[in-house]
Amino acid sequence: MRDPQIRWHIYADSVKLAEAVTRSTVEQSEHAIRERGAFLMVLAGGSTPAAIYSLLSRTDCNWEKWHIYFGDERCLPRGSADRNDSMARELWLDRVGIPADQIHPIPAELGAQAGAEAYAETLAGVGEFDLTLLGMGEDGHTASLFPGDPAGASPQAPDALAVSDAPKPPPQRISLSANRLARSGNVKVLVTGAGKKEAVMRLRAGDDIPIRAVCPPGGLDLLLDQAAAPTVPCEPG
Ligand code: 6PG
């Protein structure tokens, strides 16, 4: 497995990290819209990005040019509070003027296999993303790519994978493949809290955890708060 080039960024706390990611996301969107007339962003699930989505809801951006995709989704009914798209909508997407047909939820209510096939069709017409946000679990998973499962790192991998035995409930999920997640101008992995420190140490030690399968041409930006950062200094990013 190719190893991604990883740039380490450590912030004093999760608030500073969220503020920095919000600023850089706005800047990246302005650049993409100037250069290509659109900004394509993949959202992370879980709780870590919530502060970023909330800050973005209070920024003034050219929302009509934003296109939103999701890195993974839990196979729950549409509108379920535990879906990743529900959190993003509540905190951000329903509060700004991104056109509804430019927000592309994963149809996880169809079930893992049918939903993955449907989302792969949606993505077939989509080029490189401008920004992909990812989280990382305490076991080193990212999106819904879990240790020991196929990550879909090869160029031949489907864009969306059906997951049926996720250790993080619910077991049925849909995830973009590592290969598709990496087709992005910038991939940021957001990791906060002491509970993630062991996974970060495993990443730094070179362990084969799923984030290693995500190898964007420009490398990965790994953003940590102090609580998740290894206690010994990291190599300069
Ligand atoms: C999910 C997420 C998952 C998440 C990590 C980190 O569906 O749960 O996509 O990959 O990003 O588990 O979750 P937290 O941000 O809540 O720690």
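Atoms within a ligand are numbered from 1 in the order they appear, just like the ligands themselves.
Residues Gln28 and Phe39 meet the side-chain proximity criterion, which asks for heavy atoms closer than 4.5 Å.
Applying the 4.0 Å criterion to heavy atoms of Asn84 picks out, from ligand 1, the atoms 1 (C), 7 (O), 9 (O). Of all atoms in ligand 1, numbered sequentially from 1 with element shown, those under 4.0 Å from a heavy atom of Arg74 are 1 (C), 7 (O), 8 (O). Close contacts of ligand 1 with His141, meaning ligand atoms under 4.0 Å from a residue heavy atom, involve 3 (C), 5 (C), 10 (O), 12 (O). Residue Gly46 has at least one heavy-atom neighbour below 4.0 Å for each of these atoms of ligand 1: 1 (C), 2 (C), 13 (O), 15 (O), 16 (O).
Salt-bridge annotation for Lys188 and Asp221: absent, with no side-chain N of the basic residue lying under 4.0 Å from a carboxylate O of the acidic one. Using a cut-off of 4.0 Å between Lys/Arg side-chain N and Asp/Glu carboxylate O, Glu138 and Lys196 are scored as not salt-bridged. Under 4.0 Å is where a charged nitrogen must lie from a carboxylate oxygen, and between Asp139 and Lys168 no such pair does. Ion pairing between Arg95 and Glu90 fails under the 4.0 Å rule for side-chain N and carboxylate O.
The single protein non-hydrogen atom nearest to atom 6 (C) of ligand 1 is Met136 O, 3.6 Å, given as residue, atom name and distance. In terms of protein heavy atoms, atom 11 (O) of ligand 1 is closest to Gly45 O, 3.4 Å. When hydrogens are left out, the protein atom nearest atom 13 (O) of ligand 1 is Lys168 NZ, 3.4 Å; that is the closest non-hydrogen contact. Protein heavy atom at the shortest distance from atom 15 (O) of ligand 1 is Thr48 OG1, 2.6 Å.
Residue contact check for ligand 1: Lys196 places a non-hydrogen atom closer than 4.0 Å to it.
Considering each of Gly193, Ala143, Gly137, Ser175, the one bringing a non-hydrogen atom nearest atom 3 (C) of ligand 1 is Ala143.
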- Chi angles and distances behind the side chain to side chain contact (heavy atoms under 4.5 Å, CB included) call for Val96, Trp66: CA-CA 11 Å; Val96 298; Trp66 286 52; over 6 Å; no
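Looking at Ser86, its side chain never comes within 3.5 Å of a backbone N or O of Asp82 through a donor-acceptor pair.
For Arg173, a nitrogen or oxygen atom sits less than 3.5 Å from a nitrogen or oxygen atom of ligand 1, counting backbone and side chain alike.
More than 12 heavy-atom neighbours from other residues, nucleotides or ligands sit within 6.0 angstrom of CD on Glu64.
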